[in-house]
Amino acid sequence: MSELIDSGELEKSEKKEMDKAYNPQAAEKKWYDFWEKQNYFTPQIKEGSAPFTIIMPPPNVTGALHIGHALTVAVEDALIRWHRMCGEVTLYLPGSDHAGISGETVVEKLLLETEGKTKNDLGREEFLNRVWDWMHKYRDVIDDQLRALGASCDWTRKCFTMDAGPQKAVRKVFKTLFDEGLIYRAERIVNWCPGSLTVISDLEVDMEEEDGFLWHIRYPVQGEEGRFVTVATTRPETMLGDTAVAVNPNDARYKDLVGKMLLLPLMHREIPIVADEGVESDFGTGAVKVTPGHDPLDFEIGQRHHLPIINIMNPNASINQNGGAYAGLDRFVARKQVVKDLEAAGLLIKTEPYRHSVPYSQRAGVPIEPLVKEQWWVKIGPLAQPALEAAQDGRLKFVPERFKKTYTDWLENIHDWPVSRQLFWGHRIPVYFCNNCNKASATAEETLAKCDHCGSTDIWQDPDVLDTWFSSGLWPFSTLGWPDQTADSAYFYPGSVMETGYDIIFFWVARMVMFGMHFMGDVPFHTVYLHGLVRDEKGEKMSKSKGNVVDPLETINEFGSDALRFTLLTSSTPGNDSKMSRTKLLDSRNFANKIWNATRFITLSGTSELNYQAPKLETDAPLADRWIVSEYFMLVGEVNRLLEAYQLGEAGRLIYDFLWGEFCDWYIEAAKLRLNSADAAEKRRVQATLTGVLEGALRLLHPFMPFVTEELWHNLPHEGESLIVAPWPQPDESQIDRAALAQFEALRQVIRGIRNAKTEAKVENKKVAAIVLAKPQLKELFEREAETLVRLAGVEAQKLTITDTLPTPPAQALALVTDAATVYLPLSGLLDLEVERTRLAKEIEEAQREIEKSEKMLANPNFAERAPAAVVGKEREKLATAQERLAKLAQRLKDLN
RNA sequence: GGGCGGUUAGCUCAGUUGGUAGAGCGCUUCGCUUACACCGAAGAUGUCAGAGGUUCGAGUCCUCUACCGCCCACCA
C-alpha cells in the first residue's frame, strides 16, 4: 500500500512528470528539511535495545569546512543511515570545537587588521567577547555546510566545547585528576612558541629539515694557556646561556680536562667541563656546550650535574638582559652577531654547512624555543595503561588494524602532558593560588571562594587556559551531559564508532580513550575508523596558501551533494590518502543522473498506481526476472558483508555496478519488450520487478547518496513515508536462483557474440539473420528467449532459427562459438571468407592456449591431490568447455576449406 | 635511527579468508534504437616495482632490494 504523505511538496514530486535530468539543488533542500521536520535525526531512547552512536569529531570554529570534513561526514553519515535503516536507535551528535590557539590567532589577526589592536590592548574580557562574536558567526556557517552535506545529525543535541556542560566536565576532570595527584605543577624545559607566546606540547611541534650551519667554536681552557676545547653548535646564540661543556666520560681526548674550567667566550664566564654519558664521542668534536635553559638534552645534563640554569630569552625570543651585550636583539640577529664576534676573536674555527631538523610551532609557523617554565602537567602513565590494555584485549578495535600498532607504540612511550597554555581563549584552569599560604586549590565549580588549605579569601585564579585537546578528550561523554547523571550518558555511552583522520590518533583518539577509561570506566567507542587525507588531483596536500583547496559547498553546487559523497566514499579506502578530481565527481554526478533516468523511464511506463511489491523470486517468471532478482539478492549479501567490514567504498562500487551494468544495461533493455506487451498481466509483472528491484537498490544506495535516492523513491511504489527510515534489505539465499544466473549468462554470451560479430563485419546497424545451434538441453531456453535475442542482439525476427541439429552449416556465414551455442550469421556477399578463416584461426589458437594451460595444471599430480575438489572440478570443466569449443571451431574452419 | 604505507591498463585507483587481474576516465570504431549524449554498442592496452622463498597454485603469505610518501625519535 502506498501511504499518502501529509506534505504538499511530496505529493507534487510523486505526481509531476520527472525532468529529463536530475537537478540536485531543489531535491537536496527539500529532503533535508523534510527529514529534519519529521525528527528522523532525533533518536528516542529505547531501553533494552543497543543504540548505534557516532559523536561527530567537532570541526574547529575557525573557518569553513574543508573537504576532509566532507569525507568525515560522508563516512559517518553513511554508517548512521545504514544503521538507522536497520532499525537501530541511532544518534549522530554534531558539535564544534573552540580551537584554542588557532581560534585565538584568527581573532587576533582580524583585530590587528581591522582595528590595529592587540589582544592585550583590549584586555582579557573584551578580547573574549570578540572571540565569541566570531564563534557565533562561524558556527552557523558550519551548520549550514553539514546540512548541505546531508549529515543526518541530531541538532537538538548539538554541542560546543565551550558550552556550559563541557565547561563543567572540564573542571570536574581537572579537579579529580588534581586530587588524585595526576595533575601537578612543575618547572621543566618546555616548547615555547615565540609566535603565539605560549607553551605547546611535543605533538604541536613539527620537525622540518633545513640547511643550516654547524659552527665550531673554541672555548679556552682556564689555566692552560693556548689550550682550547672546541664545541660544535647549530644555535651559537645559545652560548650566552652556557653553564658547562660536556664530554663523554670515556673519551680519551678530554679525560684529563674533566673537572677543569673553561672561559666562556663573549660572556667571560667560567664554566666547568663535565663528563656525561649522553654525549656521543663520534659526533662533531665530541664536546658539547651545555645550555640547560634552552635545550632539552642540556637541561637533563644540567639536572644531573646540578648546573645553573640561565634564561637568556624574552617571550618573543629576543635576548634578555642575561645575554649581556646582545640584550634586545632578536634571536636570529643575535646569532649572526655572536658568530661575527667569535670570528673577530679568532675563536670561530669552522663554519660547516649542515642539514638538520629544526622544531617549528605547528600553529604559528616559527621555530620554537625550548625554555624552562613552570606549567601544569598531566601524569599520563596511570591513564595510559588502561587505554593500552583496551586496545590489546580488543575492547578497542582499529580500522584499518595497522593503526593499533601506531596507537600502542605511542602509549608505551608516552611522556607527561603539559596542559597549560598562556592564552585567553579556552577553558580557564580551575586553580586558585593563595597569597596567604602560597598553595594551589583546584575546584570543579565555576569559582572558588577561599583557599582549600588555609581558608584565606586572598586568592587569585591561574591566568592560563587548558590545551584545547584537554576538552576534546572528554568529548565522548561531555557531549552527553556528564558529569551529571543523564539518561543520554547512561544510554549512549560508550559510542559505537569514532571516525576521524589518522593524523590525530595521538592528539585526540588516545586521549579520549584515556579519559574515557578513567572517568567512565569503559572505552569511549568500540571501533576507531581512520580515514586518510584527501589530496588534490596532483596528490598534493590541500592548503589555503597553495590555493588548491576544494570547497565542499562549491563542489555541491556544481555536482550535487550526492556526487560529492559518492566520490569521497568510493575513491578512498580506510587509512589511505585519496585524490579528489573533477572526473570522479563528474562520474558520480552522471551516476545520479543515470538512476534518475532509469526511474524516469520506468515511471513513464505507468507505474504510479502500482502497489509496492518487494523483489521476489517467482519460479514461473521469465528468465530475466529471475535473473535480476537473483543478482539483486547477491548484491544485498555482498553489500551487507562489506559494510560490516567497513568497506564502504567497495560496497558503493558494487551498487554502482549493479544499477548501471546489470539493471540498466541488461534488465531494463530486456524488460522493454514486455513493457510493450498487450498482455496487461505480463506488463504488470515486469513493472513490479522493475520497481521492486530498483526500490531495493535505492535503499542500498541511500547511505551513499541520500538525496537522489529519497527523491526517486517517492516516484516509485513504496511503503512508509520516507526512504531514510525504510527497512534495510536483508540477505536471503533462497532468493538466488543459480540456474537463472547461469542461463542468463549463456544468453548474454550469445548476444554479445552476435553484437561483436556484427561490428567486426561492419553490419552493426543492420538487422541480421542468425542460426543458433544450441546445445540440446539449452534449445528450449533460446526458443523461449528468442524475442530477447532479437531485440538485444539486433537479429531480424523472421530470420532467426533456433535448433539443436544442423547437418549442413551454411557456408557463407560468420560462425561464433560460445559455451552454450554456435551461432551462424549468414552474411552473404558481406563475408570475406579469407578474413573469416583468419578470425577462426585466431580463436582456435586462443582455445588451444587455454587447453594447454588447463592440461598442464591437471597433469600435475600434486594439483589433483592437494587442491580442493571444487577447484579441480572447476578446472576439469574449464578444460572440457575449451576442448569442445576448439572442436567446433576446427570443424568450422574445415568446413570453410 | 626506528616504524608504517604505496609501487597493478596512458591517468586515477579497486582487488580482506591465496585459485590465475577489474572499474572510471582517456583512446579507437560505430550509433540521436520511443530513460539517459551527464547516453548506448563494440574494441585495444597489464612480465600486478625487482629478486628470492613457502605452496599443487602468489597481485594476494614470508625475506631481501629499489624508488616515493608519511609517522615517531633529546645527535649538539
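Letters go in sequence order (proteins before strands), and every chain restarts at 1.
With a cut-off of 3.5 Å on both pairing distances, the Watson-Crick or G-U wobble partner of rC70(B) is rG3(B). Of the nucleotides present, none pairs with rG18(B) by Watson-Crick or G-U wobble criteria with both distances under 3.5 Å. Across all strands shown, the partner of rG43(B) is rC27(B), judged by Watson-Crick or G-U wobble contacts whose two distances both fall under 3.5 Å. For rU63(B), the paired nucleotide is rA51(B), the pair qualifying as Watson-Crick or G-U wobble because both relevant distances are below 3.5 Å.
For Y502(A), no side-chain nitrogen or oxygen approaches OP1 or OP2 of rC4(B) to under 4.0 Å. Contact annotation: R653(A) side-chain N/O to rA23(B) OP1/OP2 distance is not under 4.0 Å. Residue T573(A) places at least one side-chain N or O under 4.0 Å from the OP1 or OP2 atom of rA14(B). Distances shorter than 4.0 Å separate some side-chain N or O of N756(A) from OP1 or OP2 on rG43(B). Residue K853(A) places no side-chain N or O under 4.0 Å from the OP1 or OP2 atom of rU20(B). Residue K762(A) has no polar side-chain atom (N or O) positioned under 4.0 Å from OP1 or OP2 of rA42(B). An OP1 or OP2 oxygen of rC36(B) is reached within less than 4.0 angstrom by a side-chain nitrogen or oxygen of K20(A).
In summary, the side chains of D202(A) and H415(A) do not present any donor paired with an acceptor at a separation below 3.5 Å, with no hydrogens or angles considered. Side chains of T573(A) and N576(A): a donor on one and an acceptor on the other come within 3.5 Å. Side chain to side chain, T570(A) and K584(A) fail the donor-acceptor criterion of an N or O pair below 3.5 Å. Looking at Y219(A) and D242(A), their side chains do bring a donor and an acceptor atom within 3.5 Å of each other.
A donor-acceptor pair under 3.5 Å is formed between the side chain of D295(A) and the backbone N or O of D298(A).
Rounded to whole Å, the C1' atom of rG1(B) lies 39 Å from the corresponding atom of rA21(B). The gap from the C1' atom of rG26(B) to that of rC13(B) amounts to 14 Å, rounded to the nearest Å. Atom name P, nucleotides rC4(B) and rG50(B): the rounded distance is 23 Å, in whole Å. When the P atom is used for both rA14(B) and rA49(B), the distance is 14 Å, rounded to whole Å. For the P atom pair drawn from rG46(B) and rU8(B), the interatomic distance equals 15 Å after rounding to whole Å. Straight-line distance between the P atoms of rC36(B) and rU29(B): roughly 26 Å, to the nearest whole Å. To the nearest whole angstrom, the two C1' atoms, one in rA9(B) and one in rA23(B), are 11 Å apart. Between rG15(B) and rU54(B), the two P atoms lie 29 Å apart (nearest whole Å).
With rG40(B), rC38(B), rG5(B) as the choices, the nucleotide that has an atom nearest any side-chain atom of D665(A) turns out to be rG40(B). Relative to the side chain of K874(A), the nucleotides rU20(B), rC30(B), rA35(B) differ in distance, and rU20(B) lies closest. Closest contact between the side chain of K405(A) and the listed nucleotides rC75(B), rC4(B), rG24(B) involves rC4(B). Comparing rC38(B), rG31(B), rA76(B) by their nearest atom to the side chain of N593(A) picks out rC38(B). Side-chain proximity of K584(A) to the nucleotides rU12(B), rG5(B), rG24(B) is greatest for rU12(B). Ranking rG24(B), rC4(B), rA76(B) by closeness to the Y656(A) side chain, first place goes to rG24(B). Picking from rG40(B), rA42(B), rA76(B) the nucleotide with the shortest atom distance to the side chain of T759(A) gives rA42(B). Which of rG24(B), rA35(B), rC75(B) sits closest to the side chain of E280(A) comes down to rC75(B). Nearest to the side chain of R589(A), among rC38(B), rC30(B), rA35(B), sits rC38(B). You'll find that the side chain of Y354(A) is closest to rA76(B), out of rA76(B), rC72(B), rC30(B).
Residue W660(A) is in sugar-phosphate contact alone, with no base atom involved, counting any heavy-atom pair closer than 4.0 Å across all strands shown. Residue S581(A) is classed as having no contact, given no heavy-atom separation below 4.0 Å to the nucleic acid. At a threshold of 4.0 angstrom between heavy atoms, the contacts of M207(A) with the nucleic acid are absent. Among the atoms of the strands shown, none is found under 4.0 Å from any heavy atom of S571(A). When heavy atoms are screened at a 4.0 angstrom cut-off, V231(A) is found touching no nucleic acid atom at all. Residue-level contact check: E760(A) touches neither bases nor backbone, having no heavy atom under 4.0 Å from any strand. Heavy atoms of F403(A) sit nowhere under 4.0 angstrom from any nucleic acid atom. Here P868(A) lies in heavy-atom contact (under 4.0 Å) with a base.
Atom CD1 of I754(A) and atom P of rA41(B) are 16 Å apart (whole Å). Here the C1' atom of nucleotide rA73(B) and the CD atom of E209(A) are 13 Å apart, to the nearest Å. rC71(B) atom P lies 20 Å from atom CH2 of W508(A), rounded to whole Å. Atom P of nucleotide rC72(B) and atom CD of E412(A) are separated by 17 Å, given to the nearest angstrom. rA23(B) atom P lies 16 Å from atom CZ of F591(A), rounded to whole Å. Rounded to an integer number of Å, the gap from W410(A) CH2 to rC72(B) P is 10 Å. N862(A) places its CG atom 20 Å from the P atom of rG18(B), with the value rounded to the nearest Å. To the nearest angstrom, P of rC74(B) lies 12 Å from CG of L203(A).
Between D206(A) and A598(A), it is A598(A) whose nearest contact on RNA chain B lies nearer the 5' terminus. Judged by closest nucleotide on RNA chain B, I602(A) is the one of V205(A) and I602(A) placed further toward the 5' end.
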Open item on the list: Run F591(A) and Y656(A) through ring-ring contact (aromatic ring centres under 6.0 Å, His included) and show every step you take.
Closed with: CA-CA 8 Å; F591(A) 176 48; Y656(A) 174 104; 4.6 Å; yes
Open item on the list: As a quick check of understanding, evaluate salt bridge (charged side-chain N to carboxylate O under 4.0 Å, His left out) for E369(A) and R331(A), giving each step before the final call.
Closed with: CA-CA 10 Å; E369(A) 209 51 65; R331(A) 54 182 162 166; 2.6 Å; yes
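For the pair R335(A) and W215(A), the cation-pi criterion (under 6.0 Å, within 45° of the ring axis) is not fulfilled. Cation-pi geometry between K672(A) and F601(A) is satisfied (NZ or CZ under 6.0 Å from the ring centre, within 45° of the ring normal).
Between the side chain of K594(A) and the base of rC36(B) there is at least one donor-acceptor pair of N/O atoms closer than 3.5 Å. In this model, no side-chain donor or acceptor of E650(A) finds a partner on the base of rA23(B) within 3.5 Å.
Centroid-to-centroid, the aromatic rings of F398(A) and Y407(A) come within less than 6.0 Å.
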